[in-house]
Number of protein chains: 2
Amino acid sequence: MRPKEEIILENYIAEKGFKRGAQRKGIAEIFLSTEKHLSAEELYALAKKKYPSVSFATVYRALKVLCGCGLCRELRFDDGVSRYEHLYGHEHHDHLICTVCGRFVEVTDNAIERLQTKLFKRHDFIPQRHRLDLYGICDKCGKKRRAD
Amino acid sequence: MRPKEEIILENYIAEKGFKRGAQRKGIAEIFLSTEKHLSAEELYALAKKKYPSVSFATVYRALKVLCGCGLCRELRFDDGVSRYEHLYGHEHHDHLICTVCGRFVEVTDNAIERLQTKLFKRHDFIPQRHRLDLYGICDKCGKKRRAD
DNA sequence: TATAATTATGATAATCGTTATCATAATATC
DNA sequence: GATATTATGATAACGATTATCATAATTATA
Ligand SMILES: [Zn+2]
Ligand SMILES: [Zn+2]
Ligand SMILES: [Zn+2]
Ligand SMILES: [Zn+2]
């Protein structure tokens with residue numbers, strides 16, 4: 001957890017009148033030091049290592065706090081499972097997802113972004129947000145597949 | 001239900017060795033004659049009018065058959081509820097969604113499509129599919145909001 | 001057309017990811 | 001340290017969807 005992230009989290013907890021729970025802090029540290037788009041279940045598995053008696057509820061509660069203070073964002077993918085990604089130091093981006101190994105690549109294409117804005121306007125919509133998920137087979141998995 | 005859609009459905013049922021159930025057929029007709037991105041619950045409500053004793057299970061089963069024969073596609077949006085859209089006679093498209101009234105607009109932008117393909121290549125991915133959801137406020141809802 | 005075999009249907013239970021509840025433990029305030 | 005309030009873990013509840021099972025409808029067979 002970077003110092004600035006810690007400050008954001010601490011400030012949020014303070015202004016909400018929360019108290020400092022060890023598990024929540026630890027889960028936040030684990031989450032923020034893992035550069036992956038973790039699911040609640042994956043984060044729970046990591047948290048278990050540090051806190052063997054930790055509950056699923058505590059993991060979900062920690063994620064809610066992280067989302068609340070803007071350090072985290074919930075993304076619901078096509079399998080119906082929510083995954084959580086870091087927001088601090090991450091510009092807006094879309095996702096390339098390997099359908100074989102599940103690898104996530106964060107991508108941005110300014111030309112696409114501009115065309116999306118035009119698309120909103122063309123249909124008289126006030127833009128709010130968008131979501132672009134690109135599913136395919138990554139280099140590594142493609143090579144492996146060709147070798148078999 | 002268009003004649004060609006009916007043939008596709010009937011052929012699928014025949015080749016799978018299914019039988020012709022009245023409710024399933026009726027639900028398929030209701031779905032295919034409603035040009036909306038219905039949820040299972042919405043379709044169930046419509047089906048109830050024609051078959052007051054119809055079950056939710058039958059609606060889900062009918063949707064599964066419709067998806068199986070390629071007349072329908074399941075789309076899971078950010079609220080976690082699946083919606084189903086017609087595939088027959090519908091080219092690939094993305095969705096503009098009004099966050100106020102829930103209106104769906106099917107859109108396609110060939111320039112965006114091409115740039116997506118490039119994006120796949122740039123990251124050494126074999127393209128499979130993508131999903132672009134654009135959320136905003138539609139013209140009607142925007143005017144209404146300004147009037148208030 | 002009767003009969004047998006098999007699928008369709010409706011009621012309901014089960015599932016899965018997530019959230020709510022509640023008793024107890026930890027933390028903060030005084 | 002006493003008091004008040006939040007954090008935590010265990011577990012129940014939830015909502016959307018799927019599975020199970022008994023019965024009804026359909027198809028195949030005779
Ligand atoms: Zn891969
Ligand atoms: Zn991301
Ligand atoms: Zn609208
Ligand atoms: Zn559509």
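Chain naming here is simple, since letters A, B, ... match the order of the sequence lines and numbering starts at 1 in each. What you are looking at is a predicted structure, and each value in this text was computed from that prediction instead of being measured. Reckoned from all heavy atoms, side chains included, excluding hydrogens, waters and symmetry mates.
Here D:dT6 presents its C1' atom at 14 Å from NZ of A:Lys16, a figure rounded to the nearest Å. The distance between atom OH of B:Tyr44 and atom P of D:dA16, rounded to the nearest whole Å, is 13 Å. Distance CZ (B:Phe77) to C1' (D:dT17): 18 Å, rounded to an integer number of Å. Atom CZ of A:Arg76 and atom C1' of D:dG15 are 11 Å apart (whole Å). Computed from coordinates, the B:Phe56 CZ to D:dT17 P distance equals 8 Å when rounded to whole Å. Per the geometry, CD belonging to B:Glu41 stands 15 Å off P belonging to D:dT18, to the nearest Å.
Between A:Tyr44 and A:Phe56, the ring planes are parallel. Angles under 30° get that label, and only those over 60° would be called perpendicular.
At a cut-off of 3.5 Å, with distance as the only test, no side-chain donor of A:Glu85 or A:His90 sits close to an acceptor on the other residue. When only modelled atom types and interatomic distance are considered, A:Thr58 and A:Gln23 share no side-chain donor-acceptor pair under 3.5 Å.
The residue A:Ser82 sits close only to the backbone: its heavy atoms come under 4.0 Å of sugar-phosphate atoms, none of a base. Among the protein residues, A:Arg24 comes within range of the sugar-phosphate backbone only, with heavy atoms under 4.0 Å from sugar or phosphate atoms but none that close to a base. Counting any heavy atom pair closer than 4.0 Å across all strands shown, B:Lys64 reaches sugar-phosphate atoms only and no base atom.
Remark: B:Glu6 pairs with B:Lys25 by the salt bridge (charged side-chain N to carboxylate O under 4.0 Å, His left out) rule, at least two apart or across chains.
Remark: aromatic rings of A:His37 and A:His95 are close, center separation under 6.0 Å.
Comparing B:Lys19 and B:Ala57 by the nucleotide of DNA chain D that holds the closest heavy atom to each, the one mapping nearer the 5' end is B:Ala57.
Remark: B:Tyr60 is in phosphate contact with D:dT17, judged by side-chain N or O atoms under 4.0 Å from OP1 or OP2.
There is a path of hydrophobic side-chain contacts, each under 4.5 Å, that joins A:Leu43 to A:Val65. Note on A:Phe120 and B:Leu115: same hydrophobic cluster, where clusters join Ile, Leu, Val, Met, Phe, Trp and Tyr whose side-chain heavy atoms are under 4.5 Å apart, directly or indirectly.
Under a 4.0 Å N-O distance rule, the pair B:Asp109/A:Arg122 qualifies as a salt bridge.
For the pair A:Met1/A:Phe31, no side-chain contact is recorded, criterion being any heavy-atom separation below 4.5 Å from C-beta on.
With a heavy-atom cut-off of 4.0 Å to chain B, the contacted part of DNA chain C has its first and last nucleotide at C:dA5 to C:dA11.
Rounded to 10 degrees, the angle separating the terminal helix axes of the helix from C:dT1-D:dA30 to C:dC30-D:dG1, each built from five base pairs, is 20°.
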